[in-house]
Amino acid sequence: MPPVKKSKKGKRKSKDGKLKIVRARGAPPALPPELRALDTEWWYAFLNKQVELEHAVPPDEGEAFRHFFRTSRRTFDYICSIVREDLISRPPSGLINIEGRLLSVEKQVAIAMRRLASGDSQVSVGTAFGVGQSTVSQVTWRFIESMEDRARYHLAWPSQERLEQIKAVLEDAYGLPNCCGGVDATHVIMTLPAVESSADWCDHAKNYSMFLQGIVDDQMRFIDIVTGWPGSMTFSRLMKCSGFFKLCEAGERLNGSVKVSAEGAEIREYIAGDSCYPLLPWLMTPFEGKHLPAPLQNFNARQKAARLLGTNALARLKGSWRILHKVMWRPDKNKLPSIILVCCLLHNILIDCHDELLPSVQLPEHHDTGYNRENCEQVDPNGKVMRENITAHLQHCEASKFLCN
């Protein structure tokens, strides 16, 4: 895949005053829509550099692009459109490449997304793009600031209409009535300078880490996250410190339509979580113990399928944006939550744009390897009743299905 030859271009102003690129006669034909952008030279220069460095590059150009940046070119262009105004109107100082030209928006976005996708050092990323370490740092942070400000609509609590769709899909898939998604949490591991190395940030696996808790819908899209808290906390404590917990306890979230089971019991909206979380009226956890009766085993199997949505989403997140999976070298703890948020936004954008990840980016193991989870002993009486109501409902559905057959 040789780089596109440079062609002579002219510029003229359109009616709206914006500059338009005008190709001279004899220029190569326009690229197809999925590969079209205002600047494509950076891509071929980057690709040639990967070949020079003898890195594995997929033979198909579209797959190669997804391999390095996790998105299709169409989605990449969409992301550029989100941040374009910020990266053009307020360009940081010093963003001049080795050819003496200001970095294009496309190249800036590519640098930032490659840093997030690979987790490679700023020096390595800079070498791949022909820029310095400080440029990578500046560009990445400008991109994160812009995405945090302009792309938040990609991560929001669903409308009630959307929640009804989620509940219908999950009930059809797992038989769980009124289930709104799954929850899980993961550690983002980091090294800290000695002056900042306190017991608060040292977790149970003896790593310095920051927590990320995510609640996801039926498509593994994040609909609520909380981060910024030390990894030394327990999962249950992290949940109780979240705004989501406070809203649910105040009756302002998971407060939609109540389902009435065949036995006349009320089943409210809830999410599914592991036994490291407390059993609450709006948070269903599995039954504990060995040799459980069949109805309880049936509940556990279906509840596990729902809660694994959160587990699999975090595995996809950290597999796609390896900066969260690798050990982060002395990050600014005040900026790290923004980096985590933007990675979650990018995760959701891929889903919203129907981008499929290459199999090679999936994590081969659990997103939180090396961590043992402690069971939470807290059981809310109303949560216990809710779990029993759901279990009875599932048992009734199983019996009805057996009679029909």
Side-chain angles (χ1 to χ4, degrees), residues 1 3-4 31-53 55-84 86-87 97 103-131 135-144 146-148 150-151 154 316-326 339-363:
M1 292 169 290
V4 174
L31 292 167
E34 64 272 15
L35 294 177
R36 189 180 302 146
L38 293 182
D39 174 30
T40 57
E41 292 180 7
W42 69 265
W43 162 237
Y44 293 107
F46 171 84
L47 203 55
N48 288 337
K49 188 67 175 179
Q50 301 306 308
V51 174
E52 288 176 15
L53 296 173
H55 292 164
V57 178
D60 177 78
E61 185 169 340
E63 285 196 7
F65 195 93
R66 286 199 295 155
H67 172 78
F68 290 112
F69 304 104
R70 306 303 190 238
T71 73
S72 66
R73 190 57 188 264
R74 186 186 302 275
T75 302
F76 178 86
D77 288 348
Y78 168 68
I79 294 170
C80 289
S81 73
I82 295 175
V83 300
R84 184 174 300 280
D86 287 335
L87 300 189
N97 68 6
L103 298 184
S104 68
V105 169
E106 287 75 24
K107 188 168 183 177
Q108 291 184 59
V109 172
I111 290 170
M113 289 185 63
R114 183 57 189 160
R115 170 85 171 114
L116 299 178
S118 67
D120 291 344
S121 69
Q122 294 175 352
V123 172
S124 297
V125 174
T127 299
F129 286 93
V131 299
T135 297
V136 174
S137 177
Q138 273 196 87
V139 164
T140 302
W141 185 243
R142 290 292 305 173
F143 173 78
I144 288 168
S146 183
M147 287 289 291
E148 186 177 20
R150 295 183 179 272
H154 278 285
R316 177 183 290 187
L317 173 77
K318 294 177 83 171
S320 300
W321 311 105
R322 294 295 174 103
I323 194 169
L324 303 183
H325 186 56
K326 295 183 177 180
I339 296 173
I340 294 172
L341 168 61
V342 169
C343 288
C344 292
L345 289 171
L346 290 169
H347 169 97
N348 282 4
I349 287 173
L350 291 181
I351 295 173
D352 294 339
C353 294
H354 308 289
D355 262 11
E356 292 186 7
L357 292 177
L358 295 175
S360 60
V361 308
Q362 299 285 356
L363 288 183

Between [X] (side chain only) and [Y] (backbone N and O only), is there a donor and an acceptor less than 3.5 Å apart?
{"X": "R322", "Y": "D120", "answer": "no"}
{"X": "S146", "Y": "R142", "answer": "no"}
{"X": "D355", "Y": "T71", "answer": "no"}
{"X": "K49", "Y": "G130", "answer": "no"}
{"X": "Q108", "Y": "L103", "answer": "yes"}

Is a donor from one side chain sitting under 3.5 angstrom from an acceptor on the other, for E61 and W43? yes
Contact between [X] and [Y] at the side-chain level, heavy atoms closer than 4.5 Å - yes or no?
{"X": "V139", "Y": "V131", "value": "no"}
{"X": "M147", "Y": "I79", "value": "yes"}
{"X": "V136", "Y": "R114", "value": "no"}
{"X": "R115", "Y": "I323", "value": "yes"}
{"X": "R84", "Y": "E106", "value": "yes"}

Taking all non-hydrogen atoms of both residues, which atom of [X] and which atom of [Y] are closest, and how far apart?
{"X": "A151", "Y": "L345", "result": "O-CD2, 3.3 Å"}
{"X": "L357", "Y": "S320", "result": "CD1-OG, 3.1 Å"}
{"X": "A64", "Y": "V57", "result": "CB-CG1, 4.1 Å"}
{"X": "G319", "Y": "R70", "result": "O-NH2, 3.9 Å"}

If I take atom [atom1] from residue [X] and atom [atom2] from residue [Y], how far apart are they, to the nearest 0.5 angstrom?
{"X": "S118", "Y": "F68", "atom1": "OG", "atom2": "CZ", "result": "10.0 Å"}
{"X": "L346", "Y": "M113", "atom1": "CG", "atom2": "CE", "result": "5.5 Å"}
{"X": "C343", "Y": "K318", "atom1": "SG", "atom2": "NZ", "result": "11.0 Å"}
{"X": "F76", "Y": "F69", "atom1": "CZ", "atom2": "CZ", "result": "6.5 Å"}

Can you list everything that forms a salt bridge (charged side-chain N to carboxylate O under 4.0 Å, His left out) with D352? Sequence neighbours excluded, please. R221
Sequence-distant partners of R66, side chain to side chain contact (heavy atoms under 4.5 Å, CB included), two or more places apart: E63, E356, L358
